[in-house]
Amino acid sequence: MDWKIELVAIPVTDVDRAKAFYVDQVGFHADHDHQVNDDLRFVQLTPPGSACSVVLGTGVTEMAPGSQKGLQVVVSDIEAAAAHLRENGVETGEVQDFPWGRFVFFADPDGNTWSVQEISARD
């Protein structure tokens with residue numbers, strides 16, 4: 001039996017600002033933006049090539065905005081990913097080399113943090 005992570009909540013203060021950041025700057029695909037009722041707005045975004053999406057909105061999580069720390073995405077070229085982020089106005093650190101891989105880090109406007117790891121091939 002496969003167990004696949006499908007959706008991860010990202011707590012934000014301003015849904016429209018966060019959606020613009022993730023779509024226009026980071027490059028996620030906007031899958032859904034649905035106002036279910038006055039208390040629930042569901043915005044689902046997916047990183048290119050990912051089987052797992054993120055959800056932001058109102059009424060989707062009890063986590064405090066900015067409290068989601070250490071989310072990670074994987075890319076095949078860390079230099080290209082870092083350049084893409086910077087060219088689109090995302091503040092990143094420098095690419096860092098560790099014995100377990102190459103990484104670049106960034107945060108969204110609320111302070112939720114991400115790491116981008118270079119993995120060229122998976123077994």
Side-chain angles (χ1 to χ4, degrees):
M1 170 175 29
D2 290 339
W3 294 40
K4 298 177 181 179
I5 295 174
E6 179 70 23
L7 194 63
V8 176
I10 308 294
V12 300
T13 54
D14 182 323
V15 178
D16 292 320
R17 177 184 72 173
K19 179 181 177 185
F21 173 80
Y22 284 107
V23 172
D24 300 336
Q25 294 181 260
V26 180
F28 287 13
H29 181 265
D31 302 320
H32 303 285
D33 186 341
H34 188 71
Q35 186 74 48
V36 177
N37 57 45
D38 289 343
D39 300 318
L40 180 60
R41 178 177 174 193
F42 185 87
V43 178
Q44 183 173 334
L45 312 172
T46 304
S50 179
C52 183
S53 301
V54 298
V55 62
L56 10 134
T58 52
V60 297
T61 182
E62 294 181 12
M63 289 185 288
S67 65
Q68 184 66 280
K69 305 293 183 188
L71 290 169
Q72 183 167 308
V73 292
V74 171
V75 298
S76 60
D77 183 338
I78 196 69
E79 298 293 342
H84 166 82
L85 292 169
R86 291 181 193 129
E87 288 165 5
N88 286 288
V90 178
E91 292 184 27
T92 73
E94 295 299 316
V95 171
Q96 296 182 38
D97 293 301
F98 298 101
W100 54 91
R102 303 184 76 210
F103 291 82
V104 68
F105 303 93
F106 71 93
D108 73 10
D110 285 291
N112 297 296
T113 63
W114 290 81
S115 62
V116 182
Q117 180 186 19
E118 180 180 278
I119 296 180
S120 56
R122 290 204 184 248
D123 296 333

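The model shown is predicted, which means the values in this text are computed figures rather than measured ones.
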- prompt: Is the F21 ring parallel, tilted or perpendicular to the F106 ring (thresholds 30°, 60°)?
  reply: tilted
query: Counting N and O atoms only, with roles assigned by atom type, does the side chain of D110 sit under 3.5 Å from a partner on the main chain of P65, one being a donor and the other an acceptor?
result: no
field: Heavy-atom side-chain contact between D33 and R41 under 4.5 Å
entry: yes
field: Heavy atoms from other residues, nucleotides or ligands near CG of D38 exceed 12 (cutoff 6.0 Å)
entry: no
message: Just so I know, are the side chains of V54 and Y22 near enough to count as touching, which here means a heavy-atom distance under 4.5 Å?
response: no
- prompt: Would you say V8 and Q68 make side-chain contact, with heavy atoms under 4.5 Å?
  reply: yes
- prompt: Counting N and O atoms only, with roles assigned by atom type, does the side chain of T113 sit under 3.5 Å from a partner on the main chain of G70, one being a donor and the other an acceptor?
  reply: yes
- request: Linking directly or through intermediates, with side-chain heavy atoms under 4.5 Å: list the remaining ILVMFWY members grouped with W3, chain and number order.
  value: M1
field: N/O donor-acceptor pair under 3.5 Å between Q25 side chain and G89 backbone
entry: yes
task: Sort and list the pairs that fulfil side chain to side chain donor-acceptor pair (under 3.5 Å) and have at least one residue in residues 75-90, not counting sequence neighbours.
output: E79-R102, H84-N88, R86-T92
- prompt: Do R17 and V12 have side-chain heavy atoms sitting under 4.5 Å apart?
  reply: no
- request: Run the salt-bridge test on K19 and D24 with the 4.0 Å N-O cut-off and return the result as yes or no.
  value: no
